[in-house]
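Count residues from 1 along the sequence.
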Amino acid sequence: MIAWLAAVALAGPCDVDGGLPTGPAQVALWDGDLGRARPVCARTQVALAPRALLLVDTPAFYGRISALAGLEGTVAVDRTALWLRLEPVRYESVISAIPSSFLGYGYTSVGVTQRLDAGGPTATAFHGTVVLPTAVRLQGNAAPLGLDLAFALDHAAGPWSVHGQAGYAFSASLTRPAEVRTGFTGTGGGQWRPGRAFAAVLDLQAAISYTAPLDHLAVAPALRFGAGPVGIELAGTVPVAGRERALAAVSLRGSVRR
């Protein structure tokens with residue numbers, strides 16, 4: 001254990017053996033994972049990430065339940081990572097005066113992560129994501145297209161690390177007249193990694209000016225486990241303020257690293 005702690009003290013945030021996840025909690029509130037904070041580390045892996053989202057607005061007599069099976073693949077070449085995220089199955093149920101439900105294919109997202117640093121205890125990266133309008137039956141004629149751009153940082157100090165991300169989010173429906181939304185996102189938090197096979201994360205997530213002056217300020221905890229190339233993360237996010245405070249999401253993410 002002493003030797004391991006000494007090695008970790010000299011390592012950067014991406015110098016992690018095996019499949020233990022790194023970076024912010026991998027859970028988001030917006031469709032297609034728009035605005036999700038991502039790790040700066042480029043690694044080749046595949047991940048299965050089922051997620052559930054619940055919205056309860058009692059005064060408006062409105063509720064929404066979402067459940068999906070997310071599938072993500074990432075290919076890393078040197079300091080660049082290209083990734084693709086699919087939602088082969090998505091279920092939506094709306095509870096209101098006129099209830100409705102949906103079962104079908106969800107959103108498709110493609111993105112890139114580019115490491116900007118030369119190594120060391122502080123890692124920085126640029127993220128770019130495009131959310132494609134593939135959930136046709138879910139959105140009717142809206143067909144929204146999303147884009148987010150972000151700068152991320154992760155700094156390691158022994159078993160502790162701190163991370164943050166600041167970004168810009170944009171979406172527009174492909175119908176006429178087009179509904180355009182723009183806003184800013186931010187995530188900040190830290191990770192405690194007392195051993196090779198376990199880590200705990202606590203983040204604050206925020207979004208402003210996308211649908212309201214304050215879209216949400218949310219707490220996002222996560223527990224992580226690793227065994228060889230396999231990593232597991234159980235994460236959730238619960239808004240405590242903002243327009244979307246009636247939302248909550250939970251994600252169970254399993255990944256296999258090459």
Side-chain angles (χ1 to χ4, degrees), residues 26-38 49 51-57 60-72 82-113 126-151 165-187 205-218 237 239 242-249 251:
Q26 295 297 286
V27 62
L29 292 171
W30 291 345
D31 288 332
D33 274 7
L34 185 69
R36 187 182 100 190
R38 298 183 178 275
R51 190 185 72 180
L53 181 144
L54 176 66
L55 186 157
V56 179
D57 189 349
F61 188 65
Y62 180 83
R64 179 162 69 98
I65 300 172
S66 302
L68 62 91
L71 181 63
E72 189 172 312
L82 303 174
W83 56 268
L84 170 67
R85 180 182 179 275
L86 309 173
E87 294 180 6
V89 179
R90 185 182 182 108
Y91 172 76
E92 297 264 355
S93 179
V94 174
I95 303 169
S96 64
I98 304 177
S100 63
S101 62
F102 165 84
L103 178 62
Y105 186 85
Y107 293 91
T108 300
S109 304
V110 294
V112 59
T113 294
F126 168 82
H127 301 299
T129 304
V130 176
V131 180
L132 302 175
T134 54
V136 179
R137 290 178 49 221
L138 175 62
Q139 296 293 337
N141 295 324
L145 177 71
L147 168 71
D148 71 56
L149 305 171
F151 173 80
Q165 177 171 305
Y168 167 79
F170 165 89
S171 69
S173 63
L174 303 184
T175 57
R176 294 188 179 184
E179 181 183 0
V180 177
R181 293 177 175 176
T182 63
F184 300 92
T185 60
T187 296
Q205 301 174 343
I208 59 173
S209 300
Y210 187 70
T211 62
L214 176 61
D215 297 287
H216 62 259
L217 176 65
T237 179
R243 182 179 183 273
E244 298 163 341
R245 62 185 179 274
L247 279 169
S251 173

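Listed for the D215 side chain is a donor-acceptor partner under 3.5 Å among the backbone atoms of S209. Under the 3.5 Å distance criterion, the side-chain polar atoms of S96 are left unmatched by any main-chain donor or acceptor of Y62. Counting only distance, with no hydrogens or angles, the side chain of S251 and the backbone of R51 share no donor-acceptor pair below 3.5 Å. In terms of modelled atom types and a separation under 3.5 Å, the side chain of E244 and the main chain of L55 share no donor-acceptor contact. Side-chain atoms of D148 come within 3.5 Å of backbone atoms of G35 as a donor-acceptor pair (strictly under, hydrogens ignored). When atom types are taken as modelled, the side chain of T134 and the backbone of G106 share a donor-acceptor pair closer than 3.5 angstrom.
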* List the steps and the verdict of side chain to side chain contact (heavy atoms under 4.5 Å, CB included) for R245 and L217. => CA-CA 8 Å; R245 62 185 179 274; L217 176 65; over 6 Å; no
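Between V131 and the options D31, L147, D33, L34, a side-chain contact (heavy atoms from CB on, under 4.5 Å) holds for only L34.
Annotation: R64, atom CZ; neighbour count of heavy atoms from other residues, nucleotides and ligands within 6.0 Å is above 12.
Legend: residues meeting side chain to side chain donor-acceptor pair (under 3.5 Å) with T237, ordered by chain and number and at least two apart, are Q205. Every ring-ring contact (aromatic ring centres under 6.0 Å, His included) that Y168 has, sequence neighbours left out, goes to F184.
Of all non-hydrogen atoms in Q165 and A150, the two that sit nearest each other are NE2-CB, 3.4 Å.
Between H216 and W30, the gap from one ring centroid to the other is short of 6.0 Å.
Within the structure, the side-chain hydrogen bond (donor to acceptor under 3.5 Å, both in side chains) test picks out the following pairs touching residues 177-186 (sequence neighbours left out): E179-R181.
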